[in-house]
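Reviewing the structure listed below.
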Amino acid sequence: MNAPPNIFALQALAPTETAALRPLDVAVLVLSGFSHLALHAYIEPLRMANAVAGVSLFRWSIMGTSKQPVEGTNGLAMAVDASMDELSAGMGDRRADQVVLIAGEPVERQLSPQLNTFLRAIARRGIPISAIGTGTWLLAQTGLLADTRCTIHWSRLAAFSEVFHTSRIRDSLFVKDGQYSTCAGELAAFDLAVDLIGSHAGGFIAQEVCRHATVEGQRSGSKRQTGPSRLAFAGMSPKLELAMRTMEENVEFPLSLGEVAQRVGISRRQLERLFAAHIGVPPVRHYLRIRVEHAKRLIEGTRMPIIDIAMACGFISASHFAKSFRDFNGISPQKCRAKVPSWVGPGLGYT
């Protein structure tokens with residue numbers, strides 16, 4: 001039987017130290033199409049921290065662009081406590097020690113002049129801002145992430161790098177850089193919240209939150225996201241996973257299979273046997289799939305010319321690119337681009 005929360009609190013901090021901690025006020029701004037999973041993965045650890053400590057360490061409120069309920073991507077509406085204008089004006093007891101942004105889809109058309117002004121005003125006041133999932137895209141559109149290390153969900157990494165021309169994007173669960181924290185979203189929001197708990201209330205409280213949530217320890221923000229290629233094969237073979245990662249990190253200038261094998265520390269023959277044993281696809285075919293998937297994300301997430309996308313994915317021949325793309329997707333790159341909504345633009349937004 002677990003010990004009651006007040007005993008945990010006594011182990012974590014002296015009573016006077018716990019009582020002396022002022023509750024941290026967190027304002028969570030949700031936009032239409034937001035992920036309920038990301039929202040609750042961030043808020044629930046804060047609730048657990050309060051229960052574990054036996055005192056109110058965190059307070060949170062849900063904000064919207066207006067006072068109207070905000071519909072998530074699953075169709076469920078979330079009631080809001082305040083509008084972002086109320087927070088900006090400091091109406092009543094509205095205050096924030098931290099603002100958390102959870103954007104939705106389509107993110108490319110969510111940065112209104114009103115939201116742009118709000119985020120810039122919050123930044124000028126020195127309030128820390130955390131962007132979860134596609135929220136990173138919005139912060140980049142405002143210009144607030146210039147020369148700032150950041151991350152975004154793996155499905156958006158390729159498009160983000162090309163649209164915003166940044167070399168400081170990271171394939172990480174979350175990244176903290178000065179006033180800004182960015183997070184891959186979904187369950188990585190839990191890790192970002194636990195990191196905040198550790199910073200505010202100490203490592204013991206953070207670890208007890210993980211234990212209560214049946215999570216095996218606190219994950220570092222620098223831990224890589226589980227990308228599309230490695231998702232189904234993680235844990236099967238460290239050498240196979242390293243080979244896949246090496247391929248994913250060398251898309252624009254593909255390596256030969258001999259070079260991949262050398263970086264993994266095995267022979268080409270061993271590399272081919274690994275792929276045959278675990279996924280039943282030759283490594284050259286898997287590498288081609290990675291490049292085509294990267295190209296598809298760029299076609300769907302940017303307005304880059306298709307010939308430029310082909311080159312960015314290591315294809316020196318337009319005909320080879322078109323054939324490879326059709327083999328994996330059943331349609332040509334041009335038809336794939338034709339399906340992209342017209343609102344997907346260069347992504348520069350309001351500045």
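In this chain, residues are counted from 1 in sequence order.
- Residue Met304 is not grouped with residue Met311 when hydrophobic side chains (ILVMFWY) are merged at heavy-atom distances under 4.5 angstrom, including chains of intermediate members.
- The side chain to side chain contact (heavy atoms under 4.5 Å, CB included) test with Leu57 singles out one residue from Asn50, Leu24, Val52, and that residue is Asn50.
- With contacts defined as side-chain heavy-atom distances shorter than 4.5 Å, the pair Arg268/Glu272 qualifies.
- Atom CG of Leu145 sits about 6.0 Å away from atom CZ of Phe160, to the nearest 0.5 Å.
- Between Leu298 and Cys313, the closest side-chain pair of non-hydrogen atoms falls below 4.5 Å.
- Both the sub-6.0 Å distance and the 45° axial angle are not jointly satisfied by Arg289 relative to the ring of Phe328.
- Rounded to the nearest 0.5 angstrom, Ile205 CD1 and Cys210 SG are separated by 11.5 Å.
- Residues Leu240 and Phe275 have side chains in contact (heavy-atom distance under 4.5 Å, counting atoms from C-beta outward).
- The minimum heavy-atom distance between Leu144 and Ala123, with the atom names listed, is CD2-CB, 3.8 Å.
- Counting only heavy atoms from C-beta outward, the side chains of Arg168 and Asp147 approach each other to under 4.5 Å.
- Partner Ser181 forms a side chain to side chain contact (heavy atoms under 4.5 Å, CB included) with one of Leu192, Val175, Val100 and no other, that one being Leu192.
- The side-chain heavy atoms of Met63 and Phe118, taken from C-beta on, include a pair separated by under 4.5 Å.
- Pairing each heavy atom of Ser172 with each of Ser222, the nearest pair is OG-O, 4.1 Å.
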Original post:
Given Arg337 and Arg303, is the side chain to side chain contact (heavy atoms under 4.5 Å, CB included) satisfied, shown in steps?
Top reply: CA-CA 9 Å; Arg337 170 59 60 79; Arg303 281 293 171 184; 3.1 Å; yes
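- Two residues are said to be in side-chain contact when any heavy atoms from C-beta on lie closer than 4.5 Å; Ile62 and Leu39 meet this criterion.
- Contact record, Pro254 with Glu252: CD-O, 3.4 Å, taken as the closest heavy-atom pair.
- Side chains of Thr142 and Leu138 form no contact here, defined as non-hydrogen atoms less than 4.5 Å apart.
- Using a 4.5 Å heavy-atom cutoff, the side chains of Arg219 and Phe190 are not in contact.
- Between His36 and Phe34, the distance separating the two ring centers is shorter than 6.0 angstrom.
- In the hydrophobic clustering of ILVMFWY residues, with side-chain heavy atoms under 4.5 Å counting as a link, Leu37 and Leu101 come out apart.
- Note: Arg170 CZ to Leu157 CG = 11.5 Å, rounded to the nearest 0.5 Å.
- The backbone N or O of Thr148 sits nowhere less than 3.5 Å from a side-chain atom of Asp177 that would complete a donor-acceptor pair.
- Of the listed residues (Thr65, Ile122, Val99, Thr117), just one forms a side chain to side chain contact (heavy atoms under 4.5 Å, CB included) with Met84, and that residue is Thr65.
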Original post:
Checking side chain to side chain contact (heavy atoms under 4.5 Å, CB included) for the pair Gln110/Trp137: CA distance, chi angles, key distance, verdict?
Top reply: CA-CA 10 Å; Gln110 289 197 319; Trp137 194 283; over 6 Å; no
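- Checked by atom type and distance alone, the side chain of Glu86 pairs as donor or acceptor with a backbone atom of Ser83 at under 3.5 Å.
- Electrostatic pairing of Glu300 and Lys296 counts as a salt bridge here, judged by a charged N lying under 4.0 Å from a carboxylate O.
- For the pair Arg245 and Glu248, the salt-bridge criterion is not met [side-chain N within less than 4.0 Å of a carboxylate O].
- Both Trp60 and Ile132 are assigned to one and the same hydrophobic cluster, defined by single-linkage of ILVMFWY side chains at heavy-atom distances under 4.5 Å.
- Here the CD atom belonging to Gln179 is positioned 10.0 Å from the CD atom belonging to Gln98, to the nearest 0.5 angstrom.
- For Met78, the CE atom is densely surrounded, since the number of other residues' heavy atoms within 6.0 Å is greater than 12.
- Of all non-hydrogen atoms in Cys336 and Ile299, the two that sit nearest each other are SG-CG2, 3.8 Å.
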Subject >> Intermediate values then yes/no, side chain to side chain contact (heavy atoms under 4.5 Å, CB included), Leu173 and Thr151 >> reply: CA-CA 7 Å; Leu173 292 178; Thr151 191; over 6 Å; no
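- Of the possible polar contacts, one joining the Arg291 side chain to the Gly314 backbone as a donor-acceptor pair under 3.5 Å is found.
- The closest side-chain donor-acceptor pair between Glu105 and Thr73, if any, does not fall under 3.5 angstrom.
- Hydrophobic clustering (ILVMFWY, side-chain heavy atoms < 4.5 Å, transitive): Leu187 and Val30 are in distinct clusters.
- Between the side chains of Gln141 and Asn116, no donor-acceptor pair is found at a separation under 3.5 Å.
- Shortest non-hydrogen contact noted between Ala38 and Ala189 is O-CB, 3.5 Å.
- The CZ atom of Arg211 lies 4.5 Å from the CD atom of Glu208; values are rounded to the nearest 0.5 Å.
- Between Lys223 and Asp191 there is no salt bridge, since none of the side-chain N atoms of the basic residue sits less than 4.0 Å from a carboxylate O of the acidic one.
- Of all heavy-atom pairs spanning Ile307 and Ala318, the tightest one is CD1-CB, 4.0 Å.
- Under a 3.5 Å cut-off, the side chain of Tyr287 and the backbone N or O of Leu257 do not form any donor-acceptor pair.
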Subject >> Worked check of side chain to side chain contact (heavy atoms under 4.5 Å, CB included) between Arg156 and Val107 >> reply: CA-CA 11 Å; Arg156 288 279 186 163; Val107 68; 3.8 Å; yes
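- When hydrophobic clusters are built by joining Ile, Leu, Val, Met, Phe, Trp and Tyr residues whose side-chain heavy atoms come closer than 4.5 Å, directly or via intermediates, Val251 is grouped together with Leu242.
- Between Phe315 and His320, the two ring planes are perpendicular [angle over 60°; tilted spans 30° to 60°].
- Between the side chains of Ser35 and Glu186, at least one donor-acceptor pair of N or O atoms lies under 3.5 Å.
- Atoms OG and CG, from Ser130 and Asp195 in turn, are 9.5 Å apart once rounded to the nearest 0.5 Å.
- Around CG of Leu76, the count of heavy atoms belonging to other residues, nucleotides or ligands within 6.0 Å exceeds 12.
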